[in-house]
Amino acid sequence: MRVRFAPSPTGYLHIGGVRTALFNWLFAKHYGGQFLLRIEDTDEARYVPGAADNLMESLRWIGLNWDEGPDIGGPHAPYVQSQRKEVGIYQPHVERLLAEGKAYMSFTTPEELDQMRADAEARGIKAFRFRGPERDWPLAQQQELAATGKPYTVRLKVPMEGSTSFHDLIRGGGQAITVNNAELYDIVLLKATGMPVYHLAHLVDDHMMGITHVMRSEEWVPSAPYHALLYQAFGWQQPAFAHLPVVLRQDGKGKLSKRKDDVGANRFWERGYLADAMFNYLALQGWSYDDKTEIMTRDEIVERFTIEKVQSSPARWNPDKLRDMNGIYIRKLSTAELTELLLPHLAGAGYVGNPASAEERAYVERLVPLIHERLEELGQAPELLEFFFNDVSYPDPTLLIQKKMDAAGTVTALRAAHEHLQALPEWNEASLEEALRALADELGLKPGQLFGTL
RNA sequence: GCCCCCAUAGUCUAGCGGCCCAGGACGUCACCCUUUCAAGGUGAAGAUCGCGGGUUCGAAUCCCGCUGGGGGUACCA
């Protein structure tokens, strides 16, 4: 079993991407296979420098290690498509398809294509399925025109008739997914720049790298027929497809988006999410073990993860649930562990040095039990502990009013408490508690009501 | 528009023909515990299993239609 995660370095990795990577990783671990990382940077226009490093950092944070990848190499290096293109990996495959008449050089320019699309729409034809006139030309004629220097793309000659089927491990209800070839168009394999398009590059790479299972997000389902056709054209064994459910936005309107949602993987460790909690939560985005188990260790998840249990319906991003789960994981931490994790957040607020001194560390460690059970995000700590580092203004007086009490009763209770406490000869835990309990009794209040106000 | 996928409570999900007049979790509410807040415990409300037809002795589970949602429709991935 060999699987891969093949992101495009167009920005930071968002949480949906991490989920896809995680499922591939889990699959590999469960079956004792390999998990590879490959960078698909064939989109020169959207390329963001540094994105690949950032993305690897995100994967490492959550604990997904790869067996082969751009940074560590492997038997199929390089693992970056632009580099593979330079080495001449894709070109021979394109030429082979050309020679066999399974692809053709298309001289229609992007501008002409736009015009044709606009014309089609004007005539009420919404489905524009491009088939280049050159698909019927002899190769020699294509080459002749190419020799004049006219730019061209290479397109796959998709059959006009018949249908194309493929199986999916997750969707289709056990049946093959079939589309009529008439619904398809001649996809571009090689751009005019000579750079391969995703469809070609990923497929050649998957084949060469011995990928057995392609697990990718659901949005790829519509392009799977092209891939099936390409495998046929090459005469290669097609890997198994498994299209993972998309992760929908919290309101269910559309898939998670980098632009609209605060879901960059890096944002989560900044805000104080634990990698273990994230791992657990993400495993449940489109997969579940049984009807009640949710909190599981990494090992348990690896052991239990199977493709059969992956959902076919979309997952929904639920920050509340994630936060709750993060709280559960935080509560599992020891005081010392939590202190260690909190220090950077407190340093961020300027409450301790960076790194913190031994005294600061010891002080924080005494504070930690106060907020340990309440914390759901590590980033909340500075706010909760502000009291200890800064003078704070008085809070909203209405917060003092306890359950089943009113403002007048609260004021009375506070005055009485003030008097009683002033009268106390000595303040210590026992004397304070005794005095206040007695007072509560006197006022006909439960201790909790009085103590709450104070 | 067309093509494809999907459809159990506010949300995530279990369920793959009888064990389900549907189980768990988040969220909500109540009570208990508690020096507050949390955490924890107990309990409650919340789903005619999207709708309509079939198949079957029996359907949340299989089939068809509809509706709804999502995805795709690029020389982006």
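Below, all heavy atoms of this structure are taken into account, side chains as well, without hydrogens, waters or symmetry copies. Below, chain A is the first sequence line, B the second, and so on; all start at residue 1.
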- Item | Comparing A:S288 and A:Q250 on RNA chain B - which has the more 5′ nearest nucleotide | A:Q250
- Comparing A:W317 and A:D320 on RNA chain B - which has the more 5′ nearest nucleotide: A:W317
- Item | Pair A:E161-A:N181, side-chain donor/acceptor within less than 3.5 Å | no
- Task: Could you check whether A:A315 gets within reach of a base, just the sugar-phosphate, or nothing at all, counting any heavy atom under 4.0 Å?
- Result: sugar-phosphate
- Answer yes or no: is there a side-chain heavy-atom contact under 4.5 Å between A:S163 and A:E183? no
- Query: Relative to the ring of A:F27, is the ring of A:H213 parallel (under 30°), tilted (30 to 60°) or perpendicular (over 60°)?
  - Reply: tilted
- Partner nucleotide, any strand, of B:C51 [Watson-Crick/G-U, under 3.5 Å]: B:G65
Quick one: which protein N/O atoms are closer than 3.5 Å to N/O atoms of nucleotides 61-67 of chain B? Pair and distance per line, please.
none

- Can you give one letter per nucleotide of nucleotides 70-77 of chain B, 5' to 3': B if a protein heavy atom sits under 4.0 Å from the base, S if only from the sugar-phosphate, - if neither? SBS-SBBB
- Message: Looking at A:R316 and B:C12, is any side-chain donor or acceptor paired with a base atom of the opposite kind under 3.5 Å?
- Response: no
- Task: Measure up the A:F305 and A:F23 rings against each other and bin them: parallel (under 30°), tilted (30 to 60°), perpendicular (over 60°).
- Result: perpendicular
Could you list, one pair per line, each protein nitrogen or oxygen that sits under 3.5 Å from a nitrogen or oxygen of nucleotides 20-25 of chain B, together with the distance?
unit_1: B:G23; atom_1: N2; unit_2: A:D291; atom_2: O; d: 2.9
unit_1: B:G24; atom_1: O4'; unit_2: A:D291; atom_2: O; d: 3.2
unit_1: B:G24; atom_1: O2'; unit_2: A:K292; atom_2: O; d: 3.3
unit_1: B:G24; atom_1: N2; unit_2: A:E294; atom_2: OE2; d: 3.4
unit_1: B:A25; atom_1: O2'; unit_2: A:E294; atom_2: OE1; d: 2.6
unit_1: B:A25; atom_1: O2'; unit_2: A:K321; atom_2: NZ; d: 2.4

